[in-house]
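Report on one structure; see the data block that follows.
Residue numbers start from 1 in every chain, and the chains themselves are labelled A, B, ... in the order their sequence lines are given, proteins ahead of strands. Only this structure's heavy atoms are used, side chains among them; waters, hydrogens and symmetry mates stay out.
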There are 2 protein chains.
Amino acid sequence: MLSKKTQYAFHALIHLAENADKGPILISEIAQEKSISIKFLENILLELKNAGILGSKKGKGGGYYLLKTPKEIPLAKIIRLLDGAIALLPCVSLNYYEKCENCRDEAVCGLNDVMGKVRDATLKILETKTLKDILTRNVSIL
Amino acid sequence: MLSKKTQYAFHALIHLAENADKGPILISEIAQEKSISIKFLENILLELKNAGILGSKKGKGGGYYLLKTPKEIPLAKIIRLLDGAIALLPCVSLNYYEKCENCRDEAVCGLNDVMGKVRDATLKILETKTLKDILTRNVSIL
DNA sequence: ATAAACTCTATAAAAAAGATAGGCTTTTTT
DNA sequence: AAAAAAGCCTATCTTTTTTATAGAGTTTAT
C-alpha cells in the first residue's frame, strides 16, 4: 500500500497540474481542496521541491508550481521519493537494494526470481505512466 | 515491501516443502534453520494452519506439515493472509476494497486506473506462481 | 515596515510491526 | 496415571514507522 504521504503527493501534483495556468498555488488552497492537513502537506511539497519536481515562490502571490510538464514526471519517481522502494523485497530493489540475510545465492533463490518479475511488471507501468496519465482534465501544457 | 511476517512465512513454507518426506516438522527446527524467533514463528504457523494451508500434530513426534502440494499454494494467498492487500491503493484492492474519500467517480479517476493496471500485472504473477516455484530443491510431491 | 507565504527542524501522537510471555490442551511414552 | 513433548491461544510489550503538529525563521511584494 502506498502511504498517505504518497497519496497526498499525487493529489497535490494533480491539483498543481490542473491549475498550472494560474501561477503559483497556495499550500492552503491545495490542502483545502484535497482535504489534507495543511502542515502535513507543507512537508510533502517541500520534499517535492527539494527533489526538483516543484518550484516555489515566497511572499505575497507566492505558492508552488510544477517545474516540469506532467508527462515528464513518472509515477515511480514520486513513490520512490516519499515511500522508498517499490519492490516487494529488499533483495530485488533497484534503488534501495539490501542483501538477504539468510540467502546464500540470489541467483538461485526462487523468491528473488519471482519478486524480481513482479518488480519488473510494476515498474514497466509506473515508470512509463506519468502525472499526465492520472489527470482528470486535459491540460494544455502537456 | 512485504512484512517480515510474510517473508518468514515463505521461508517456513519452503522448509516444510523441502522436508515434506520427513513427517511433521518442529517449529523449533524451522526457527533455527531460518533464524526466526521461535515465538514469532509460532504465531505465523498458526495463522497458516487456521487458513487451511498447514496441518499440525501435537505431542511427541508432532509438528507442522503442508496440507496441500506446493503447486497448489499461490504466493498471493500467503501475502494476503499475512500482509493484507496486494494492491497499492485501497480503491483498487480486490480483497480489501475501500472507497476513496475524495474521489467522486472511480471510473474517471486516473490514479485508480493506473493502480488497477499495476494490481493486474502483479496478480498475474503472484496468483500463478506458487510455493513450488520458489523452492530451491526439486521436491517429488509436486 | 509589514504582511504574506514558504522554510526548516523538532516534537508528539497514533498506528503498525515485530517480538515475547506464559498458561492451556493434546498426544505419546513410560 | 503421570510426565514430557509439542502445538494452541491470547495477551502484552517494545520498537519502528507513519501521520500530524508546532513554532520560529526567511524571503518577497507592497
Rounded to whole angstroms, how far apart are CE on M1(A) and C1' on dT17(D)? 17 Å

What string of B, S and - do you get for nucleotides 22-30 of chain D 5' to 3' if you count protein non-hydrogen atoms under 4.0 Å? BB--BBBS-

dT20(C) phosphate, OP1 or OP2: any side-chain N/O from S37(B) under 4.0 angstrom? yes

Using atom CD of Q7(A) as one end and atom P of dT18(D) as the other, report the distance to the nearest whole Å. 13 Å

Indicate yes or no: does K132(A) engage E72(A) in a salt bridge with an N to O separation below 4.0 Å. no

Would you compute the distance between atom CZ of R80(B) and atom CG of N95(B) and round it to the nearest 0.5 angstrom? 4.0 Å

Rounded to whole Å, please give me the gap between CD1 in I36(A) and C1' in dT21(D). 16 Å

Between NZ of K49(B) and C1' of dC9(D) the distance, given in whole Å, is 11 Å

If you look only at distance, which donor and acceptor atoms sit under 3.5 Å apart when one is on a side chain in residues 36-46 of chain A and the other is two or more places apart or in another chain?
{"from": "S37(A)", "atom 1": "OG", "to": "F40(A)", "atom 2": "N", "distance (Å)": "3.3"}
{"from": "K39(A)", "atom 1": "NZ", "to": "E42(A)", "atom 2": "OE2", "distance (Å)": "3.3"}
{"from": "N43(A)", "atom 1": "ND2", "to": "K39(A)", "atom 2": "O", "distance (Å)": "3.2"}

With sequence neighbours excluded, residues passing side chain to side chain donor-acceptor pair (under 3.5 Å) with R119(B): none

Return yes if some donor-acceptor pair links the side-chain N/O of E18(A) with the main-chain N/O of L135(A) below 3.5 Å, else return no. no

Take the protein atom CG of L46(A) and the nucleotide atom P of dT21(D), then report the distance between them rounded to whole Å. 17 Å

In whole angstrom, give the distance that lies between atom CD1 of I44(A) and atom P of dT21(D). 12 Å

Is there a Watson-Crick or G-U wobble partner for dT26(C) with both distances under 3.5 Å, and if so, which one is it? dA5(D)

Report, as a single string ordered 5' to 3', how protein heavy atoms within less than 4.0 Å touch nucleotides 11-18 of chain C: B base, S sugar-phosphate only, - not at all. -------S

Hey, does L26(B) reach any base, or is it just sugar-phosphate, or nothing, if we go heavy atoms under 4.0 Å? sugar-phosphate

Expressed in angstrom and rounded to an integer, what is the separation of L48(B) atom CG from dC9(D) atom P? 14 Å

Which part of the nucleic acid does I27(B) contact within heavy-atom distance under 4.0 Å: base, sugar-phosphate only, or nothing? sugar-phosphate

Indicate whether OP1 or OP2 belonging to dA5(C) is found under 4.0 Å from a side-chain N or O atom of S56(A). no

Taking distance alone, no hydrogens or angles, what donor-acceptor pairs closer than 3.5 Å link side-chain atoms of residues 82-92 of chain B to residues at least two apart or in another chain?
{"from": "D83(B)", "atom 1": "OD1", "to": "S3(B)", "atom 2": "OG", "distance (Å)": "2.4"}
{"from": "D83(B)", "atom 1": "OD1", "to": "T6(B)", "atom 2": "OG1", "distance (Å)": "3.1"}
{"from": "D83(B)", "atom 1": "OD2", "to": "S3(B)", "atom 2": "N", "distance (Å)": "2.9"}
{"from": "D83(B)", "atom 1": "OD2", "to": "T6(B)", "atom 2": "OG1", "distance (Å)": "3.4"}

Taking L16(B)'s backbone N and O only, do any of them form a donor-acceptor pair with N19(B)'s side chain (distance below 3.5 Å, no angle check)? no

Can you measure I25(B) atom CD1 to dA5(D) atom C1' for me and round it to whole angstrom units? 16 Å

What pairs of donor and acceptor atoms, side-chain ones from residues 52-65 of chain A against any protein atom, are under 3.5 angstrom apart with sequence neighbours left out?
{"from": "S56(A)", "atom 1": "OG", "to": "K49(A)", "atom 2": "NZ", "distance (Å)": "3.2"}
{"from": "Y65(A)", "atom 1": "OH", "to": "S56(A)", "atom 2": "O", "distance (Å)": "3.4"}

Less than 4.0 Å between a side-chain N and a carboxylate O, is that true for K124(B) and D120(B)? no

